[in-house]
Structure formats: structure tokens, C-alpha cells
**Student:** 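The structure follows.
Order of the sequence lines fixes the chain letters, A, B, ..., with proteins taken first and strands second; residue numbering starts at 1 for each chain. Excluded from the calculations below are hydrogen atoms, water molecules and symmetry mates; all remaining heavy atoms, backbone and side chain alike, are included.
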Number of protein chains: 4
Amino acid sequence: MTGTLNKVMLIGHTGDDVKMHYFEGGGSIGRFPLATNESYTNRTTGERVTSTEWHNVVVRNKAAEICEKYLKKGDKVYIEGRIKTRKWQDDQGNERYQTEIHCSEFTFLTPKNESGAEPSGNSQASASKSAKPKKDDYSNRNETYSQDEEEDDLPF
Amino acid sequence: MTGTLNKVMLIGHTGDDVKMHYFEGGGSIGRFPLATNESYTNRTTGERVTSTEWHNVVVRNKAAEICEKYLKKGDKVYIEGRIKTRKWQDDQGNERYQTEIHCSEFTFLTPKNESGAEPSGNSQASASKSAKPKKDDYSNRNETYSQDEEEDDLPF
Amino acid sequence: MTGTLNKVMLIGHTGDDVKMHYFEGGGSIGRFPLATNESYTNRTTGERVTSTEWHNVVVRNKAAEICEKYLKKGDKVYIEGRIKTRKWQDDQGNERYQTEIHCSEFTFLTPKNESGAEPSGNSQASASKSAKPKKDDYSNRNETYSQDEEEDDLPF
Amino acid sequence: MTGTLNKVMLIGHTGDDVKMHYFEGGGSIGRFPLATNESYTNRTTGERVTSTEWHNVVVRNKAAEICEKYLKKGDKVYIEGRIKTRKWQDDQGNERYQTEIHCSEFTFLTPKNESGAEPSGNSQASASKSAKPKKDDYSNRNETYSQDEEEDDLPF
DNA sequence: TTTT
DNA sequence: TTTT
């Protein structure tokens, strides 16, 4: 609302497989860590320094299921979404914050035959069979997936 | 390094003035909170829900000084940068994390005469006087500022 | 398809009102020019040079109608979309190309009371009345609008 | 100037090698075509349609040389830059327009050993030898390159 | 702590 | 054709 923008674009490698969590109403979310790298030259020492930044990526519903199915640890992926910081309490009662990337769009960048684990069967089969595929039909692994932002209102 | 991308683009309103911190070597950083808003309709209740996301923006050196000078609490601004999560220890010795947006580019979006506080003097004066302005000369408030990413290697 | 990305993000001022075109099947498109500005210092002369870039923005259906209603000549707006180059033939039979920005998301950045022309009536009224607003209900001018990318397959 | 934004982000495959052009003063530009793909389902026929969009990418100076050296036809690359439409006259005296993507940043996405043609020698050698590498030293193919936007004022 |  |  009110003319603001909250947009994140990442290209990185996943640090783990997608961990799914299913809700009672039928919704689901998937989570996985994504690493991006920075490298720069330290001005005083002239040394090349590399550092890794880890992002907590969150995907929902159909998109989560697609990621769980096709995205394997170590794969390269483009992620678009927004930043969301969740507040929680640790066991000492302290307020803690966790910043997450809520993903609205993604594109797999690891070539199909190089992915850590490959789904069996042909992921491209279904599209030609269905005259009017639903919006969340994801028949082709090699496609940009765009999450329908309004498809749910899960409490997170 | 290795073909990754870590990019954030925000349009929001600042929640406070820029707080500066100066280092001994001459470097400086500025920090300010930036609010973005989300609004969606709760599917079950049909209610319109609005929520605010707060981002910790960090700017460095010359860019920090420009923001301190021209950016006032409540102003609208476009921020581009990267996500960086800093680790720190609280007084109980727990590891804590703080996610920041390290700004590399910004554009003021609040019209000049509407800004909360206006700098005295003419911010456009210097450019025409100097035949070869330095890269970090920011003579015009109404310009996109692009931080020279390699200009320092401050320990943050 | 195949893991590509085609993304444009613009903040600029509209050079004209939105021109609508209605199709027989009920679809519509709107077009308007958007100006972005660049300014840099000529290295040899030390002069400050300003240049304007004009973008041909194309919006469709409901989004087009919202833009037509609320976006006036001179307004500032954030536009997100993709680049599309259309081929056409001029009257001498030459192949010509026109590059357009097909808009999928936008956010008005001109404060409500400053817009060139204001719609009469309260644009915020409808949301609270309808328990389950349709996705393309745009009851609030001050909101990011996200076009449903798959809602049509118009031949352009 | 004046708080505008002109940003393009592409991930695509190059359609050709980089064509270089050298200026007398020492500057250079490189040009290459970049393909992005779109695929959607035609609503009436239910058919899967794929279309390719070609972008004219322009890089300058050091960045151009790096692209010429490391980027081969068919490689996947991330390109960031701005849209610029050039006006020219055809031989019939008609005004023609050509839209280009002026690249300010890029990241190679094709794994090193898969690129069409590999540079001989070790592209990582130079950094460790020089204590204070120049900003435009590009010792590592696997890095995001950020063009110094103000390094020249070529007339294009 | 912002804004509409 | 916009804006500052």
C-alpha cells in the first residue's frame, strides 16, 4: 500500500534441499537456505576476500511443491520476492528476529541433467494434454514460475 | 563471486533521520530505518489488512553524508543495495543476527519543497563551478546517487 | 522458459495521459509514454548534460483501466514489466521495430492531491463493502497493482 | 536526474560472440544479442507457445573487453543496465529507432568448463600479484563485474 | 519509527 | 511529451 516497493532478486546456490511444512487447511510452505557470494579486494592488504551471505527463502503452496520436487541442494536458482522479518521469542523470553525472503517468482538455473537429483518421468508431459491448464500447473521445469500472490492468507 | 546476485530494491518512507557514525580512518556510515507497506485482503474475513515492514538501511562515506544532509524523517526514497546479515553477541552471550540493507544507490522521491527539513543554501551551486567534479560530488539533490562500491573496506 | 529473465523497472514521469484501445472480445490495452532522465558530467567540457529517455509503456485490461483512471500526464509512477520489441511494416514495406515495456506491476508515486487531475468520488470506498473482493478489484489508488500475467492472450 | 529510475535485468543466452568497436581516444564498445524466452499457454487453443525476445546489449571499455574475452555465443549471462533508444537515419532519410541495453553490470552464468570457447591461461592469476588492483582489474571470470558508469563520455 |  |  501507499506506493512502496519491497523487492529482492537473488541468484545463488541452495545450501540444502527444500524442507516442507504442511498446514491443516491444505496450504504448505517450503524453506531452504540460499547462498550468494561477494568477493572484493582488501585495500590495505591487497588480499582477495570472499564472503558468503545466507538467505532464508520461503515458498508457499504449489510453488513450494515444485521447488521441493525439482530443486536440489547445490542447484543454482534465481529467486524474486520480498523481505519479511519475523519476530519470535526464544526460550529465555527474548524477542528475536529472523529475516526471510518470501519468494514470488523463481527460475531454475542449473541445467536439467546436472541437478543433484533428477525427478523420474517427463516433467514436460502434462501441458499438451490439458487444453486449459490451471495457472499453477507447472509442467516444465525450465520455466519461470510466478506465484499467485493472493492465493492464500497463511499466518506468516 | 561465481555468478551470484544479491540485489534489493526498496521504495519506502524513512522512519527517522540518518544516524551517522564516524571512523578514525575518515570513513563513515549512516543508518536509518525504512518502512515499506503491504496490504492484502484476508480471505476468510474479507478484511483489508495492512502491515509494515521495517528495513535497516546502511549507507557509507560520501553517500552517508548526502543522506544525512538531504534525507529527513518521513521522506520517500528509492534504495538499491544488497542484503547483509550481521552476527553479534548479546549480553547473555547468545549469537544474534541483524539483517541490513547495504545501500549502493539511492534516489530521493520526495519533492524538494516537501521534505521535512530543507538544507539552507543552493544544493545545485557547485557543479557549474567545477570543470571536473569528482565522482562523489553530489551537487544536485535530485539525482540518482551511485556508491562507488570499492571505495573502502570498512570492517562491517 | 529455460531459466531466462526479462525484467524492467522504471520510475519516471508520464508524458501524456493513457490512450486506451478496446478489443472486441472485451480486452483492452492502454499506452502511455514514460520519461526517465539521466544526467552526467561531460569529461572534456566539464558541462552538466541532461538527457531524457522515453519508454513506450503498455498495460492491459483491468490494469489499463486503473491507469487510465488514476494516472495523469506528468505523474510519477513506478513501472515493472518486460521488454518486448514489436515488428511492423511501414508504408514503404520496410520492416520496422518498436520496443515497448509491457507492464506487469505499477505503483503510483505522485501524492494523491497533487495528481494532474483527480477522479471525483472516493476511490477507497469499495473495499470495505465487498467481503471478498476480486483479485482485480483496485479500490485503493495507493497500492501496488500486480497484473495477472495469464489473464489473457491478446495478439500483441 | 530528478529521482527517476531506468533499470533492466536480463538473464539470457548470447546469440553471437561480442563484436568490438574501438575508438580513437582509446575507448571501446562491444555489442552482442541476448535472447530471453517467454512461454505461455494460449487460452483458446490450449497450446503451449514459446517466443524469443532479442535484446541488443552494449558494453563499454574494460567491461567490453572482458565480455569479448570470456563470453561466447550460447553462454548464459546476467545483464544489468539501462534502456537507451538511439535514433538514426536510414538511406531513405527516414528516422529510425534502435533500442539498446547499456550494460552496467554482468555475471557469467555458464559454468567455466562448459563455455563455448575457453580462454587459455589462468584468469585468476593477476589479483594476487598486485597489492592494489585497479578497479577495472577483472582477474576472476566468476565474478560480478560492475562498470564504472562515469569512466567515459563516449558519444552514444 | 514512516506513509496514505 | 515528463520532471527538477
Side-chain angles (χ1 to χ4, degrees), chain A residues 1-6 85, chain B residues 10-19 31-39 48-57 70-79 107-118 122-125 127 138-144, chain C residues 10-19 31-39 48-57 70-79 107-118 122-125 127 138-144, chain D residues 1-6 85:
Chain A
M1 158 183 187
T2 60
T4 66
L5 177 74
N6 176 351
T85 299
Chain B
L10 304 171
I11 296 174
H13 293 92
T14 59
D16 203 350
D17 286 353
V18 180
K19 302 299 180 217
R31 294 171 179 279
F32 59 90
L34 188 76
T36 57
N37 303 288
E38 231 86 44
S39 108
R48 202 74 194 154
V49 184
T50 299
S51 72
T52 297
E53 194 64 34
W54 286 99
H55 310 271
N56 305 299
V57 180
Y70 296 112
L71 198 57
K72 301 304 164 192
K73 181 178 175 176
D75 279 0
K76 182 175 273 195
V77 66
Y78 167 79
I79 293 288
T107 291
F108 299 137
L109 296 173
T110 292
K112 212 167 184 167
N113 47 351
E114 283 186 13
S115 190
E118 209 48 40
N122 182 356
S123 69
Q124 260 170 284
Y138 189 79
S139 48
N140 189 341
R141 182 200 130 92
N142 285 315
E143 226 163 288
T144 298
Chain C
L10 305 171
I11 297 174
H13 292 93
T14 58
D16 202 350
D17 286 352
V18 180
K19 301 299 181 217
R31 296 172 178 276
F32 59 90
L34 189 75
T36 57
N37 303 288
E38 231 87 44
S39 108
R48 203 75 195 153
V49 184
T50 298
S51 72
T52 296
E53 194 64 34
W54 285 100
H55 310 270
N56 304 300
V57 181
Y70 296 112
L71 199 56
K72 300 304 164 190
K73 181 178 176 175
D75 279 0
K76 181 174 273 194
V77 67
Y78 167 80
I79 292 288
T107 291
F108 299 138
L109 296 174
T110 293
K112 211 166 183 169
N113 46 352
E114 283 184 13
S115 188
E118 209 47 39
N122 181 357
S123 67
Q124 261 170 284
Y138 189 78
S139 48
N140 189 342
R141 183 200 129 93
N142 285 314
E143 225 162 288
T144 299
Chain D
M1 151 180 192
T2 59
T4 67
L5 177 75
N6 176 352
T85 298

**Student:** Within this structure, what is the NE2-to-C1' distance between C:His55 and F:dT1, rounded to whole angstrom?
**Tutor:**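 Between C1' of F:dT1 and NE2 of C:His55: 13 Å.
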
**Student:** What's the CG-P distance between C:Asn56 and F:dT1, to the nearest Å?
**Tutor:**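 Nearest whole value for this atom pair: 16 Å.
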
**Student:** Is the ring centre of B:Trp54 under 5.5 Å from the base ring centre of E:dT2, and are the two planes under 30° apart, so that they stack?
**Tutor:**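 B:Trp54 ring does not meet the centre or angle cut-off for E:dT2; no stack.
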
**Student:** Round to the nearest Å and state the distance from B:Ile11 atom CD1 to E:dT3 atom P.
**Tutor:**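 Result: 17 Å.
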
**Student:** C:Arg31 has an atom CZ; how far is it from atom C1' of F:dT2, in whole Å?
**Tutor:**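 Nearest whole value for this atom pair: 19 Å.
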
**Student:** Measuring from the side chain of B:Pro33 (C-beta onward, heavy atoms only), which nucleotide among E:dT1, F:dT1, E:dT2 has the closest atom?
**Tutor:**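 Ranking E:dT1, F:dT1, E:dT2 by closest atom to the B:Pro33 side chain puts E:dT1 first.
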
**Student:** Looking at CD1 of C:Ile79 and CG of D:Asn6, how far apart are the two atoms once the value is rounded to the nearest 0.5 Å?
**Tutor:**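 That separation rounds to 13.0 Å.
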
**Student:** Give the rounded distance in Å between these two atoms: NZ of B:Lys76 and P of E:dT1.
**Tutor:**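 About 21 Å, once rounded to whole Å.
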
**Student:** In whole Å, what is the span from the CG atom of C:Leu109 to the P atom of E:dT2?
**Tutor:**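 To the nearest whole Å, that distance equals 20 Å.
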
**Student:** Do the side chain of C:Thr52 and the base of F:dT2 come within less than 3.5 angstrom through a donor-acceptor pair of N or O atoms?
**Tutor:**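 Donor-acceptor pair under 3.5 Å: yes.
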
**Student:** Could you state the NZ-P distance from C:Lys72 to F:dT3, rounded to the nearest angstrom?
**Tutor:**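 Nearest whole value for this atom pair: 15 Å.
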
**Student:** Whole angstroms only, please: what is the CD-P distance between C:Glu53 and F:dT2?
**Tutor:**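 Distance check: C:Glu53 CD to F:dT2 P gives 16 Å.
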
**Student:** Any idea which of F:dT1, E:dT1, E:dT2 is nearest the B:His13 side chain?
**Tutor:**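 Nearest listed nucleotide: E:dT2.
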
**Student:** If you round to the nearest 0.5 Å, how far is OG1 of D:Thr4 from CG of C:Leu109?
**Tutor:**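 The distance works out to 11.5 Å.
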
**Student:** Mind checking the CG-OH spacing from C:Leu10 to C:Tyr78? Nearest 0.5 Å is all I need.
**Tutor:**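 C:Leu10 CG to C:Tyr78 OH: 8.5 Å, rounded to 0.5 Å.
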
**Student:** Please name all residues satisfying side-chain contact (heavy atoms from CB on, under 4.5 Å) with B:Asn56, sequence neighbours left out, ordered by chain then number.
**Tutor:**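 Per chain and number, B:Asn56 pairs via side-chain contact (heavy atoms from CB on, under 4.5 Å) with B:Gln98, B:Glu100.
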
**Student:** So what does B:Gly12 touch, heavy atoms closer than 4.0 Å: a base, only the sugar-phosphate, or nothing?
**Tutor:**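 No contact at all - B:Gly12 keeps every heavy atom at 4.0 Å or more from the nucleic acid.
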
